[in-house]
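Before any comments, here is the structure.
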Amino acid sequence: MMTQAPFRGLDRRDFLKAGLAAGTCLAVAVGGNPVVAGFDPTRVHQPPAKEPVFAPNVFVAIDGEGGVSLTVQRSEMGQGIRTSFAMLLAEELELELDQVKVFQATGDAKYGNQNTDGSRSVRTLFVPMRQAAAAAREMLVQAAANRWQVQAQTCFTRGGVIHHKASKRELRFGDVAADAAKLPLPENPKLKDPKDFKLIGKGRSGIDVPDIIQGKAVYGADVRLPGMVYASIEHVPVVGATLTEMDDSAARAVPGVIDIIKMPSATAPVLFKPLGGVAVIAADTHAAFKARGVLKLKWDVGPNGTFSSDAYQKSLRETASKPGRVVREKGDVAAAFAKGGKQVKRTYYMPLLAHASMEPPAAVARVTDAGCEVWAPVQAPQRTRQVVAGALDLDPSKVTVNVTLLGGGFGRKSKPDFVAEAALLAKQVGKPVCLTWRREDDIRHDYFHSVSLQTMQAALGEDGYPTAWHHHTVFPSIGSTFDPNARSGSDNELGLGFTNQPYAIENIKLEVGEAEAHVRIGWLRAVCNLFHAFAVNRFLDACAKEAGIDALTYRLKLLGEPRDLVFSEADEKSPYKLNTGRLAHVLNLVAEKSGWKEKRPAGVGFGIAAHYSFMSYVAQAVRVRKLDDGSFKVERVDVALDCGQMVNTDSVRAQMEGAVIFGLSLAIKNEITAEAGRVVQSNFHDYPMLRMSETPEIQVHLVKNNHLPTGVGEPGVPPLPPALASALEEAGAPAGDALPLKFV
Amino acid sequence: MAAYKVNINGRVETVEAEPDTPLLWVLRDKMNLTGTKYGCGKALCGACTVHLNGVATRSCVLPVSGVGENKVVTIEGLKDDNATRLQQSWIKHNVPQCGYCQAGQIMSAAALLASNNKPDDAAIDAAMNGNICRCGTYQRIRAAIKDAAAQGDTP
Ligand code: FES
Ligand code: FES
């Protein structure tokens, strides 16, 4: 049975107030400014054709002709949230999906939490969004029932028409919308029984696809305002560097250049502050790029100028060899190791990674006496509002954040530094500014995924299974972005695949070491799960191999009986507990579908891995083949996912497919290194991505159940790199314990 | 600045630009044709793909002075039968995720179908390998191209 989560984010009072003020709220949400003819930058918002006459909350609005619109408060970055939420609304309002007009909320606290991260939009809003729609349905039906003087229970609605069965009377939403607006909000709008779902749990093509394939979809740099100029920034080469000399004469001489503006360097904590550097304002983006190339700049690189990846890796290794902070301990690991017997020891390394979303950071900003308006691809519109307001010293109420489509986010666009840059430049030049980061800027000046080094040691018992498990993780924390003194992983980061490692072993010791960040560190799709899942799964395989036991059998035995695991007080209270049975189930499922138990032909390697993250269960099996020239081809990847109740099964599938490609890129191609503080890589030639010809066959197997909905966007990535590394090893490649695996 | 006459989406337009300005930025910043995307600026990703006389071309490395009388078609102007089939197939297979690379993908796919109405996997690989999709929609792109090609068969 599905449990109902409380309506979080907006309390009832706000919900009610929001309903009363809905007319004005919507006006704010769709309020565009004049733009060049024929181009509507607010297109992404698809404003309702008519003024709503009934808006029981900030999400749902119905006009006098019965047109239904939904305001989506979460950002669309390819995960399909605008479609999923439209499906939730259509389900509860008994509409066809194409009867719902969807527009995008600006950044505003009245919408509740808008941060699109942590794979949690559906998880946290599955019930609230349906309640918002169900409230509207009940009120519309009640209004019709009142008109007919019948009981509401004797009426039903379908396709925007309310029916009274017995008398065969009909009213359209538009006919009763004004009446519905006068009714009290229902205390507990009744949600549909899952067995009656017509849309939820089905696959639907995305609502934005038609715009996308005609080039009409609007991303960060696609907004065109009258008098707009174009900007690009030569950022500080190293975080915290300062400009000591500048000769901009050649840059100013580049045709089209309007101005050159120095931007102060961000000091620690770097937060979401503009990084600093020198901005070029020009008549078009090319002129801005070109002028950057002829700026003569000298920098004092500051203390981060000593950062070099080779030396840094050695320092991580050294830290991991010394005792760290113990974060989970059970039994006596040292005593178990002292007993002798077989032991396994490994070290795992994963480098810094850049997000490299297809759309580099970009934003349009306009500053007038009335305030500031930005159009930007942001995952955190309210944070963007705060950061822009702070940068311009404005009250946040004077800042409007229009959220465009995101050309990929992966966590990068949770950080609105680039939007603050656009706003500051717009203020300075007194004209609307379109800021584009070059790909080189994106790769060199990212909020990188942490570099990590982990050491693991196990003692194997007579039966080949570990009696003791010692895992030490060392990585610079995301906390360093907010507090320069944050030196080791937070509980939150450690809870991503480290402290909640689910395998039943008698003696366990988990330690974390300190590491300094020399670059900006931030969230990247699946965050610390990436390196923890890599180490844990690779190590399980190393132990299984040592014991001569099949990798699947080994995992299933260590997961043990199906049961809920609790690792913290928060887990105790949480409705989402790691259930070993569900993890075992996806392992079994992927094994069955991939043919894990069949005999492997010569030159074929198989790898399997499982990981629990964002409350979801994913197992993957990777099949590789050794080619005649000694290289390896990834032939097929099977993915089994249990994410509880699904909304749009096709976008769930797509997320798994995409996660496999993302995982392959990071497993065999992606590595950010630094020398003398500067990032070495710059574009897709040295930070390459998987391409069409390298794409394996991907088979996605979805577990259908009615558990609470859980994460989808991120959990598909972590199992891929370890499963691939083990497959390669079986096919005859060297043991890959450091990413990326360069021999594919 | 110089004035260039360029044939874009079937219309000859005059634009003022520096000769070395890549067509990409002329389209985006001077003509408000923002469907063509910037992804790398170095012919590495395919996001900026347009057709030059029907051939898939990276507009980020094509200076406006080099366009001459060649016919440029962008995603906004892609309207032939192949394009329609591809676009319908793209919807059916729900290809795009974030969508940012997709204009470039469709331009490359359309150029492929124009020269090869029955592309096999190797032909698809060859035509599409220059287009990165960071969201990883390759499997669906392949299926959608094959489907569109098959639709082209049926009279
Ligand atoms: S932007 Fe032209 S190929 Fe990448
Ligand atoms: S759909 Fe996002 S990059 Fe291709």
Side-chain angles (χ1 to χ4, degrees), chain A residues 36 38-39 77-80 203-206 208-210 212-219 221-222 224 230 255-256 283-287 289-290 356-360 405-409 434 436 438-439 650-651 654-655 657-662 683-685 689-693 695 697-698, chain B residues 1 17-18 20-22 24-26 28-30 32-42 44-45 47 74-78 86-87 90-103 105-106 121-122 124-142:
Chain A
V36 290
F39 190 87
M77 47 191 173
Q79 83 283 39
R204 286 291 181 274
S205 189
D208 293 311
V209 171
I212 287 169
I213 61 180
Q214 297 176 75
K216 289 182 186 163
V218 175
Y219 299 85
D222 294 345
R224 294 290 173 271
Y230 297 83
D284 61 72
T285 307
H286 169 67
F289 284 180
K290 191 174 164 190
S357 54
M358 211 62 226
E359 173 199 39
L405 287 184
L406 282 65
C434 173
T436 298
R438 294 176 64 188
R439 176 61 62 197
D650 196 59
S651 64
Q655 283 302 298
E657 293 161 9
V660 166
I661 304 297
F662 197 95
N683 207 321
F684 293 125
H685 64 289
M689 295 298 157
L690 205 84
R691 291 176 185 265
M692 175 69 90
S693 63
T695 299
E697 175 189 354
I698 304 167
Chain B
M1 296 267 172
E18 285 300 309
D20 65 348
T21 306
L24 169 67
W25 300 112
V26 171
R28 291 186 54 82
D29 294 356
K30 298 195 184 283
N32 292 332
L33 290 169
T34 55
T36 306
K37 303 299 184 205
Y38 165 75
C40 71
K42 293 192 168 153
L44 297 165
C45 78
T74 70
I75 187 72
E76 291 93 342
L78 187 71
L86 280 168
Q87 285 165 329
W90 242 247
I91 293 175
K92 176 175 159 203
H93 291 268
N94 195 20
V95 173
Q97 288 188 29
C98 82
Y100 193 79
C101 74
Q102 297 292 337
Q105 305 280 4
I106 290 178
D121 281 330
I124 293 176
D125 283 351
M128 304 304 294
N129 242 22
N131 290 79
I132 294 175
C133 176
R134 180 62 163 146
C135 297
T137 63
Y138 300 122
Q139 178 161 289
R140 290 178 186 233
I141 291 172
R142 187 188 299 280

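On a predicted model such as this, the values are computed, not experimentally measured, just so you know. Residue numbering restarts at 1 for every chain, and letters A, B, ... go by the order of the sequence lines.
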If you tally heavy-atom pairs under 4.5 Å against chain A, which of B:A47, B:C135, B:C40 wins? B:C40

Cut-off 4.5 Å, heavy atoms of chain A, and the answer for B:D20 is both

Tell me if a side-chain donor or acceptor on A:Y219 pairs with a main-chain N or O of B:T34 at a distance below 3.5 Å. no

What is the distance from atom CG of B:L44 to atom NE2 of A:H685, rounded to the nearest 0.5 Å? 7.0 Å

Let me know if A:M358 has heavy atoms under 4.5 Å from chain B in its side chain, its backbone, both or neither. both

Side chain / backbone / both / neither for B:R140 at chain A, heavy atoms under 4.5 Å: side chain

Determine the option with the most heavy-atom pairs under 4.5 angstrom with chain B, choosing from A:A283, A:S651, A:P255. A:P255

Donor-acceptor check, side chain of B:R28 to backbone of A:D284, threshold 3.5 angstrom: yes or no? no

When you measure from the side chain of B:Y138 to the backbone N and O of A:L690, does any donor-acceptor pair fall under 3.5 Å? yes

So does B:N129 get a backbone contact from the side chain of A:R691, meaning a donor-acceptor N/O pair under 3.5 Å? yes

Over all atoms of both residues, closest heavy-atom pair of B:Y100 and A:P360: OH-CD, 4.1 Å

Could you tell me the separation between the CD1 atom of B:I132 and the CD1 atom of A:I661, rounded to the nearest 0.5 Å? 12.5 Å

Which answer fits A:Y230, side chain, backbone, both or neither, if we ask what part of it has an atom under 4.5 Å from a heavy atom of chain B? side chain

Would you mind telling me which of B:Q87, B:M128, B:E18, B:H93 has the largest number of heavy-atom pairs within less than 4.5 Å of chain A? B:Q87

Return the minimal non-hydrogen interatomic distance between B:Y38 and A:R439, and the atom names on each side. OH-N, 2.8 Å

Would the distance check show the side chain of B:Q139 and the main-chain N or O of A:T695 forming a donor-acceptor pair, the cut-off being under 3.5 Å? no

Does the ring center of A:F289 lie less than 6.0 Å from the ring center of B:W25? yes

Is any side-chain heavy atom of B:D29 less than 4.5 Å from a side-chain heavy atom of A:R224? yes

Portion of B:T137 that has a non-hydrogen atom of chain A nearer than 4.5 angstrom: neither

Pick whichever of A:G408, A:A659, A:A654 has the most heavy-atom pairs under 4.5 Å with chain B. A:A654

Between B:I106 and chain A, which part of the residue has a heavy atom less than 4.5 Å away: side chain, backbone, both or neither? side chain

Ranked by heavy-atom pairs below 4.5 Å to chain B, first place among A:S205, A:G658, A:G407, A:G215 goes to A:S205

Can you tell me which portion of A:S357 sits under 4.5 Å from chain B's heavy atoms? Options are side chain, backbone, both or neither. backbone

Can you find a pair of side-chain heavy atoms, one from B:C98 and one from A:L406, that are under 4.5 Å apart? no

I'd like to know if B:K37 pairs up with A:D222 as an ion pair, taking the criterion as any Lys NZ or Arg NE/NH1/NH2 lying under 4.0 Å from an Asp or Glu carboxylate oxygen. yes

Which pair of heavy atoms, one from B:I91 and one from A:P210, lies closest together, and at what distance? CD1-CG, 4.2 Å

Ranked by heavy-atom pairs below 4.5 Å to chain B, first place among A:R204, A:Q79, A:M692, A:K290 goes to A:M692

Considering only heavy atoms and a distance below 4.5 Å, find which of B:A122, B:P96, B:C133, B:G77 pairs most often with chain A. B:P96

Going by heavy atoms in the side chains, are B:N94 and A:V209 under 4.5 Å from each other? yes

So which of B:K42, B:E76, B:Q102, B:M1 has the biggest tally of heavy-atom pairs under 4.5 Å with chain A? B:K42

Considering only heavy atoms, which portion of A:A287 lies under 4.5 Å from any heavy atom of chain B: side chain, backbone, both, or neither? neither

Quick one: does A:Q655's side chain get under 4.5 Å of B:Q97's, heavy atoms only? yes

Looking at B:P22, B:G41, B:A103, B:C101, which has the largest count of heavy-atom pairs under 4.5 Å with chain A? B:P22

